[in-house]
Enquirer: 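Below you will find the structure I want to go over with you.
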There are 2 protein chains.
Amino acid sequence: MRVRNPDKVQLVKQKAIELIVKDGFEGFSMNKLAKACSISVATLYIYYKDRDDLILNVAMEEGEMMAKAMINGFDPNMHFEQGLRRQWQNRYQYMMDNPVMNTFFDQLRTSSYQDKFLAGFLADFKIIMSKFMHNIIQRGEIEPMPFEVYWSVAFAPLYNLVRFDNEGQSMTGKPFKLTDEVLWQTFNLVVKALKK
Amino acid sequence: MRVRNPDKVQLVKQKAIELIVKDGFEGFSMNKLAKACSISVATLYIYYKDRDDLILNVAMEEGEMMAKAMINGFDPNMHFEQGLRRQWQNRYQYMMDNPVMNTFFDQLRTSSYQDKFLAGFLADFKIIMSKFMHNIIQRGEIEPMPFEVYWSVAFAPLYNLVRFDNEGQSMTGKPFKLTDEVLWQTFNLVVKALKK
DNA sequence: AATATAAATGAATATTCATTTATTTATAAA
DNA sequence: TTTATAAATAAATGAATATTCATTTATATT
C-alpha cells in the first residue's frame with residue numbers, strides 16, 4: 001500500500017495559509033492552492049472532503065496550537081499582574097514567531113467560517129480565562145466588571161499593536177515596529193487601568 | 001437622454017453591503033447582487049467599471065461618512081478627557097446607528113482591498129487625530145508615547161466591545177449587550193490608564 | 001413631434017470554480 | 001515476487017463567475 005507523503009500534507013497546510021493571507025478568502029481557490037504546491041488538485045480531495053473541510057481543518061489545527069501557546073506557564077491562580085504579564089508574554093511570543101497567523105485569524109473571524117472556528121478551538125481556553133478573572137476580582141485585585149470589559153481593556157490594545165506592527169506603517173505614515181520596550185510600556189498602561 | 005435612476009443606484013450600494021456582510025467577500029458575486037436588486041447585471045457595469053471598482057467605491061463612500069461622524073463636534077484643542085469622551089461618544093453613536101458597518105469595515109481590513117481602502121478615507125482624519133495627541137502630551141495631560149500606543153489603549157477596547165456586541169454572545173456563553181453603562185465604565189478605565 | 005443619447009436590459013461570452021472519474025504509481029504485506 | 005490497496009495524478013465535468021454585446025427604453029433637448 002502506498003503511503004501518504006507527510007511533506008506534501010504539510011506543504012498544503014502552509015501554502016493554504018500563505019495564499020489566504022495574501023489574497024483573502026475571495027482570492028483563494030483549490031486550483032491555485034494545488035498549483036502553488038505543484039500537486040494535482042485531486043490530491044487535495046484525498047486529504048480533505050471539500051474546500052470548507054480544508055479551510056476549517058487548517059484553521060482549527062493552528063487555532064489549537066495558538067491556544068496552547070497562550071496558556072503556556074500560565075495558571076488561573078496567579079496574581080493579577082503576574083498572570084496578565086505572562087499572558088502578554090505568551091501572546092507576544094506567539095505573534096513574533098508566527099507573523100502571518102494574526103492576519104489569518106482576523107480573516108477567519110470576519111468570514112463565514114467564524115462560527116465553526118470560534119466554537120471549536122476556544123472550548124478549554126475560555127474556561128481558564130474567565131476563572132482567572134473571577135479569582136482576581138474575588139481577591140479584590142481589580143474592580144468587579146463584565147468579562148467583556150475586562151477582556152477588551154486587558155487584551156485589545158495588545159492585539160491592536162500587533163496589527164499596527166503587521167501593517168508596517170500606521171496612521172502617521174512613519175514606520176512602526178513593535179519592540180519589547182513599546183510592548184511593556186503599553187502593558188503598564190493596561191495594568192494601571194485595571195489595578196485597584 | 002434617459003436619466004439615471006437614483007433609487008436604483010442607492011439600492012445597489014445598500015444591497016452590496018448587506019450581501020458582503022452576510023456572506024463575506026468569498027460569497028459575494030455580481031450576479032447575486034443584481035438579483036438582490038432585481039436589476040440586470042449589465043446595469044452594474046454602467047455604474048461601476050468592474051467588481052473591484054464597485055466594492056472600493058462603496059467602501060470609500062461609507063468610510064468617508066464614518067470619518068465625518070467621528071470628528072463631529074470634536075476639536076483637536078480640546079482637553080484630554082473631554083476630547084476623548086467626545087470621540088467615544090461619536091464612535092458609539094455611529095456604531096449603534098449603523099450596526100452592520102463595523103463588520104463591513106472589519107471585512108475590508110482583512111481583505112485584499114485593505115491597502116486601497118485605508119489609503120483613501122483616512123487622509124484628513126489621521127491628521128486631526130495625531131494633532132490632538134500631540135496637544136495633550138505637550139500640555140502634560142498624558143505621558144509622552146508613540147501614536148500607536150496611544151491609539152491602541154484609547155480606542156481598541158471600544159472597538160472590541162462593539163465586536164462583542166455584534167457577535168451577541170461572547171466567550172462566556174452568556175449574551176452580551178453593549179449598554180451606556182458598560183461603555184462609560186470602560187471609558188473610565190481607559191482614562192485611568194492614560195491620565196497622568 | 002422628432003432626434004439624440006445615455007440608461008437599462010436579456011442573452012451570450014470566455015474564464016474560473018469546486019469536484020469527480022479513470023488511470024497510474026508506490027509500497028506494505030503476503 | 002506477487003498482490004492488494006491507498007496515494008497521486010491528468011483530464012474532464014457542470015456550475016458559477018465576471019464581463020461584454022446587441023438591442024430596447026426613457027427622457028432631455030431641439
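Remember, predicted model here, so these are calculated numbers, not experimental data.
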Enquirer: Check the angle between the aromatic planes of A:Phe125 and A:Trp151 and answer parallel, tilted or perpendicular using the 30° and 60° thresholds.
Expert: perpendicular

Enquirer: Let me know the distance between CG of A:Leu33 and P of C:dT19, rounded to the nearest Å.
Expert: 13 Å

Enquirer: Nearest whole angstrom, please: distance from the P of D:dT17 to the CD of B:Glu26.
Expert: 12 Å

Enquirer: Please report, rounded to the nearest Å, how far the P atom of C:dA7 is from the CG atom of B:Asp7.
Expert: 16 Å

Enquirer: Without decimals, in angstroms, what is the distance between B:Leu54 CG and D:dT17 P?
Expert: 15 Å

Enquirer: With a 4.0 Å cutoff (strictly under), does any side-chain N or O of B:Lys8 reach OP1 or OP2 of C:dT9?
Expert: yes

Enquirer: On the six-membered ring of B:Tyr159, is B:Arg91 placed so that its NZ or CZ lies under 6.0 angstrom from the centre and within 45° of the ring axis?
Expert: no

Enquirer: If you assign A:Arg4 and A:Asn31 each to the DNA chain D nucleotide with the nearest heavy atom, which residue ends up on the more 5' nucleotide?
Expert: A:Arg4

Enquirer: Between A:Tyr150 and A:Phe147, what is the ring plane arrangement, given parallel below 30°, perpendicular above 60°, and tilted in between?
Expert: tilted

Enquirer: What is the distance, rounded to the nearest whole Å, between atom CD1 of B:Ile39 and atom P of D:dT24?
Expert: 21 Å

Enquirer: Output the single nucleotide from C:dA28, C:dC17, D:dA8 whose closest atom is nearest the side chain of A:Lys32.
Expert: C:dC17

Enquirer: Think A:Arg2 has a side-chain N or O under 4.0 angstrom from the OP1 or OP2 of C:dT25?
Expert: no

Enquirer: Expressed as a whole number of angstroms, how long is the span from A:Phe25:CZ to C:dT16:P?
Expert: 22 Å

Enquirer: Would you classify B:Tyr48 as touching base, sugar-phosphate or nothing, given that sugar-phosphate means primed atoms plus P, OP1 and OP2, and contacts are heavy atoms under 4.0 Å?
Expert: nothing

Enquirer: Within less than 4.0 Å of OP1 or OP2 of D:dA7, is there a side-chain N or O belonging to A:Thr43?
Expert: no

Enquirer: Tell me which of A:Ser29 and B:Asn5 sits closer to the 5' end of DNA chain C, going by the nucleotide each one is nearest to.
Expert: B:Asn5

Enquirer: Rounded off to whole Å, could you give me the CE-to-C1' distance for the A:Met30 and D:dT17 pair?
Expert: 17 Å

Enquirer: Considering just the side-chain nitrogens and oxygens of B:Tyr45, establish if one lies under 4.0 Å of OP1 or OP2 belonging to C:dA7.
Expert: no

Enquirer: Among D:dT19, D:dA6, C:dT21, which nucleotide has an atom closest to any side-chain atom of A:Ala42?
Expert: C:dT21

Enquirer: Between C:dA28, D:dT19, D:dA28, spot the one nearest the side chain of B:Met1, thanks.
Expert: D:dA28

Enquirer: Can you tell me how the ring of A:Phe25 sits relative to the ring of A:Phe104, calling it parallel under 30°, perpendicular over 60° and tilted otherwise?
Expert: tilted

Enquirer: I need the NZ-P distance between B:Lys35 and C:dG10, as an integer number of Å.
Expert: 11 Å

Enquirer: Counting only N and O atoms by type, is there a donor-acceptor contact under 3.5 Å from the side chain of A:Asn98 to the main-chain atoms of A:Tyr94?
Expert: yes

